[in-house]
Student: 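Once you've had a glance at the structure underneath, I'll fire off some questions.
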Number of protein chains: 2
Amino acid sequence: MDDVIEPAAADFQLPRILAALADPHRLATVRYVAVHGESWCGLVMQEAGLAMSKSTFSHHLRILREAGVVTKRISGAKGYAQLRKEDLDSRFPGLMDAIIDAEVPARQA
Amino acid sequence: MDDVIEPAAADFQLPRILAALADPHRLATVRYVAVHGESWCGLVMQEAGLAMSKSTFSHHLRILREAGVVTKRISGAKGYAQLRKEDLDSRFPGLMDAIIDAEVPARQA
DNA sequence: CGTACAGTTCGAATTGCATCGAACTTCGAG
DNA sequence: CTCGAAGTTCGATGCAATTCGAACTGTACG
């Protein structure tokens, strides 16, 4: 069921993390949990402005988890996503801060 | 001939920059010019450990330029690539430092 | 128990990316 | 002018990513 491998911090691969963050949907997801802390996935989908099906969101979350960017915790029927800030900071100091604090350009057409 | 658009710093798009940096070959390229400063492309290809054809390298360099990560200067028949450190720092403070200074995991087979 | 909710997995379609060789342009050196 | 070196562009190809709906599993709650 849930065979997703969340790597240890020592196994983080920069290209993989950058690839995970390079998708606008996933970036929005990461930014949301960075600001709001551990969040229910359903809320993230709504609030982060992600117009996609459940299965697509599940896919994106998997990419983020397999890269080591987020963790998922299951409570009852719901899942909660959280940024792995400490682990990311330990391997790539300043990386996430730079990405999270980056100016979000005005939405362009 | 050279229609590659190198965007102004104000037009930098984070997802695009992250995507450009997410490829190991391009990451190696960026790290090389970050350390060595403006470099002849031929040398970069050799020294950065890039085993690829000229056309493929040209393609990767284009991606980096169009994202705003590097500039190219032509001198005679040769081209020289340079990291756009100031522009990148102005839009995304700390981003490039974090990426360049990241520990490169020991290459093991 | 049965219904609704939360989420994953699967298959399929579409799209995009990395890569190469070949052909071409341009520059520098003879 | 001619030759080789340096790069770019152009198809073509093969692989990976994104996306969806449908079917499935598991939890919560009347």
Student: Grouping I, L, V, M, F, W and Y whenever their side-chain heavy atoms are under 4.5 Å apart, do Leu64(A) and Val35(A) come out in a common cluster?
Tutor: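 No: no chain of side-chain contacts under 4.5 Å links Leu64(A) to Val35(A).
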Student: Once you round it to whole Å, what is the distance between P of dG7(C) and CD of Gln46(A)?
Tutor: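 These atoms are roughly 12 Å apart.
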Student: How many Å lie between CZ on Arg73(B) and P on dG7(D), as a whole number?
Tutor: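 That distance rounds to 12 Å.
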Student: Is there side-chain contact between Ile17(A) and Leu88(A), with at least one heavy-atom pair below 4.5 Å?
Tutor: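 The answer is yes; the side chains approach within 4.5 Å.
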Student: Can you check the Leu61(A) CG to dA6(C) P distance for me, whole Å?
Tutor: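 To the nearest whole Å, that distance equals 15 Å.
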Student: Whole angstroms only, please: what is the CZ-C1' distance between Arg62(B) and dT8(D)?
Tutor: 8 Å
Student: For Lys78(A) and dT8(C), give me the distance from atom NZ to atom C1', rounded to whole Å.
Tutor: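 About 18 Å, once rounded to whole Å.
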Student: dT8(C), dT8(D), dT27(D): which one has an atom nearest the side-chain heavy atoms of Lys72(B)?
Tutor: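 Looking only at heavy atoms from C-beta outward on Lys72(B), the closest nucleotide is dT8(D).
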Student: How do Lys54(B) and Lys54(A) order along DNA chain D: which one's closest nucleotide is nearer the 5' end?
Tutor: Lys54(B)
Student: Does Arg31(B) use its side chain to pair, donor to acceptor, with the backbone of Ile99(B) at less than 3.5 Å?
Tutor: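 Pair found, side chain donor or acceptor close to backbone of Ile99(B).
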Student: Could you state the atom-to-atom distance from CD of Glu66(A) to P of dT18(D) in whole Å?
Tutor: 12 Å
Student: Using a heavy-atom distance cut-off of less than 4.0 Å, which residues of residues 36-43 of chain A contact DNA chain C?
Tutor: Trp40(A), Cys41(A), Gly42(A)
Student: Taking the side chain as everything from C-beta on, heavy atoms only, tell me whether Asp87(B) gets closer than 4.5 Å to Met96(B).
Tutor: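 When only atoms from C-beta onward are counted, Met96(B) and Asp87(B) do not touch, as no gap falls below 4.5 Å.
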Student: Check for a donor-acceptor pair, side chain of Thr29(A) on one end and backbone N or O of His25(A) on the other, with a separation under 3.5 Å.
Tutor: yes
Student: Could you tell me whether the side chains of Ser58(A) and Ser55(A) share a donor-acceptor contact shorter than 3.5 Å?
Tutor: no
Student: Would you kindly give the CD1-to-C1' distance between Ile74(B) and dG28(C), to the nearest whole Å?
Tutor: 15 Å
Student: Please name the pair of heavy atoms, one in Ser90(A) and one in Ala9(A), separated by the smallest distance, quoted to 0.1 Å.
Tutor: OG-CB, 4.2 Å
Student: In whole angstrom, what separates Met45(A)'s CE from dT8(C)'s C1'?
Tutor: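 Rounded to the whole Å, the gap is 13 Å.
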Student: Okay, side chain of Arg26(B), backbone of Ala20(B): is any donor-acceptor separation there less than 3.5 Å?
Tutor: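 Confirmed, Arg26(B) side chain pairs with Ala20(B) backbone.
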Student: All N/O contacts under 3.5 Å from nucleotides 12-19 of chain C to the protein, with atom names and distances to one decimal?
Tutor:
residue : atom : partner  : partner atom : Å
dA18(C) : OP1  : Arg26(B) : NH1          : 3.1
dA18(C) : OP1  : Arg26(B) : NH2          : 3.1
dA18(C) : OP2  : Arg26(B) : NH1          : 3.4
dA18(C) : OP2  : His59(B) : NE2          : 3.2
dT19(C) : OP1  : His25(B) : ND1          : 3.3
dT19(C) : OP2  : His60(B) : NE2          : 2.4

Student: Checking the side chain of Glu6(A) only, and the main-chain atoms of Lys72(A) only, is there a donor and an acceptor separated by less than 3.5 Å?
Tutor: yes
